[in-house]
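Only one structure is covered here, and it is reproduced in the block below.
Just so it is clear, the model here is predicted, and its values are computed rather than measured. Numbering of ligands and ligand atoms starts at 1, following listing order.
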Amino acid sequence: MAGVMTGFGNFTHAVVRAIPSSLAKEALRMNVLDVDLVKAQREHEVYVGVLKHKLGLQVIELPADESLPDCVFVEDVAVVCGDTALITRPGAESRRKETEAMRRALKELDLNIVEMSDENATLDGGDVLFTGREFFVGLSKRTNQKGAEILADVFKDYAVSTVPVTDGLHLKSFCSMGGPGLIVIGTSEPAQKALKVFEKLKDHMLIPVSNMEKVKVDGALTCCSVLINKKAKV
Ligand code: CIR
């Protein structure tokens with residue numbers, strides 16, 4: 001995880017959710033891989049610890065729900081920008097109820113809640129890349145055009161462009177923000193190149209966080225938190 005880049009992000013809060021035991025056997029996955037549950041939970045604790053103690057965020061920890069095996073991947077169920085939170089309609093039916101606890105938490109934080117209630121729309125937060133100036137929305141197995149249109153309608157102050165996602169699960173399965181104005185794109189070899197870019201940054205700080213287990217069910221690090229900047233609220 002590369003972080004603490006001045007001017008970009010500036011987050012104050014993060015919402016995370018604990019891993020249910022059902023993740024090991026029942027979480028959705030593209031490849032059949034065995035998950036070591038205890039290791040996954042340990043890795044997740046370290047991740048949450050980094051958000052709290054190294055990045056100084058106020059972390060809201062939602063309890064796991066055994067009936068929702070993918071509930072740790074909170075990024076997919078809400079898109080927060082400024083003081084507005086769009087509660088998504090996840091592409092996988094089995095994940096739709098994950099929105100309930102997230103909605104409650106974001107209401108508690110006093111954000112303006114907008115629902116994606118159109119039954120033709122689907123959108124996973126993992127397909128939403130916000131650069132600070134604009135949104136890119138991946139059209140994937142989980143996110144459709146209607147979902148992207150609703151997002152554009154909710155966040156009217158920003159340009160929204162769609163990007164076809166043909167390989168992998170989500171847009172952010174292979175790209176992410178690396179800093180102000182810097183989108184990093186990569187899997188394996190390109191990812192190594194992205195790391196080199198981070199190393200060149202003046203204020204660069206690299207905090208290694210292992211994610212060996214959750215990646216087996218297609219979970220990346222960004223998908224395990226919803227980041228919020230409360231100072232943006234008027
Ligand atoms: C799924 O297939 O929905 C989960 N097993 C993984 C979701 C990962 N989400 C993300 O990267 N934003």
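Between S140 and D127, the side chains place a donor N or O and an acceptor N or O closer than 3.5 Å (distance only, hydrogens not considered).
In D124, neither the side chain nor the backbone holds a heavy atom less than 4.0 Å from any atom of ligand 1. Contact annotation: for L28 versus ligand 1, heavy atoms closer than 4.0 Å belong to both the backbone and the side chain. Looking at M30 against ligand 1, nothing comes within 4.0 Å, counting heavy atoms.
With N144 as the partner, the side-chain contact (heavy atoms from CB on, under 4.5 Å) test is satisfied by one option alone out of N120, T162, T122: T122.
Residue contacts with ligand 1: R29 is excluded, as none of its non-hydrogen atoms falls under 4.0 Å.
Remark: ligand 1 atoms within the under-4.0 Å shell around heavy atoms of H170 are 9 (N), 10 (C), 11 (O), 12 (N). Of all atoms in ligand 1, numbered sequentially from 1 with element shown, those under 4.0 Å from a heavy atom of E75 are 10 (C), 12 (N). Under a 4.0 Å criterion applied to the non-hydrogen atoms of G126, ligand 1 contributes the atoms 12 (N). Within ligand 1, the atoms closer than 4.0 Å to a non-hydrogen atom of V217 are 4 (C), 5 (N), 6 (C), numbered from 1 in the order shown. Per-residue contacts place R142 under 4.0 angstrom from the following atoms of ligand 1 (heavy atoms of the residue considered): 1 (C), 2 (O), 3 (O).
Atom 10 (C) of ligand 1 has its closest protein heavy atom at C223 CB, 2.9 Å. Atom 8 (C) of ligand 1 has D218 O, 3.4 Å as its closest protein atom, hydrogens excluded (heavy atom only). The nearest protein atom to atom 9 (N) of ligand 1, hydrogens excluded, is given as D76 OD2, 2.8 Å; this is a heavy-atom distance.
For ligand 1, the polar-atom distance check against A27 finds no nitrogen or oxygen pair separated by under 3.5 Å.
Cation-pi geometry between K172 and F136 is not satisfied (NZ or CZ under 6.0 Å from the ring centre, within 45° of the ring normal).
Connectivity analysis of hydrophobic side chains (ILVMFWY, heavy atoms under 4.5 Å, direct or indirect) links M212 to nothing; its cluster partners are none.
A salt bridge does not link K216 with D34: none of the charged nitrogens is closer than 4.0 Å to a carboxylate oxygen.
The shortest heavy-atom contact between A40 and V35 is CB-CG1, 4.2 Å.
Linking ILVMFWY residues whenever their side-chain heavy atoms come closer than 4.5 Å, directly or via other members, places L151 and V114 in the same cluster.
Ring pair F130/F135 is tilted by interplanar angle, where 30° to 60° counts as tilted.
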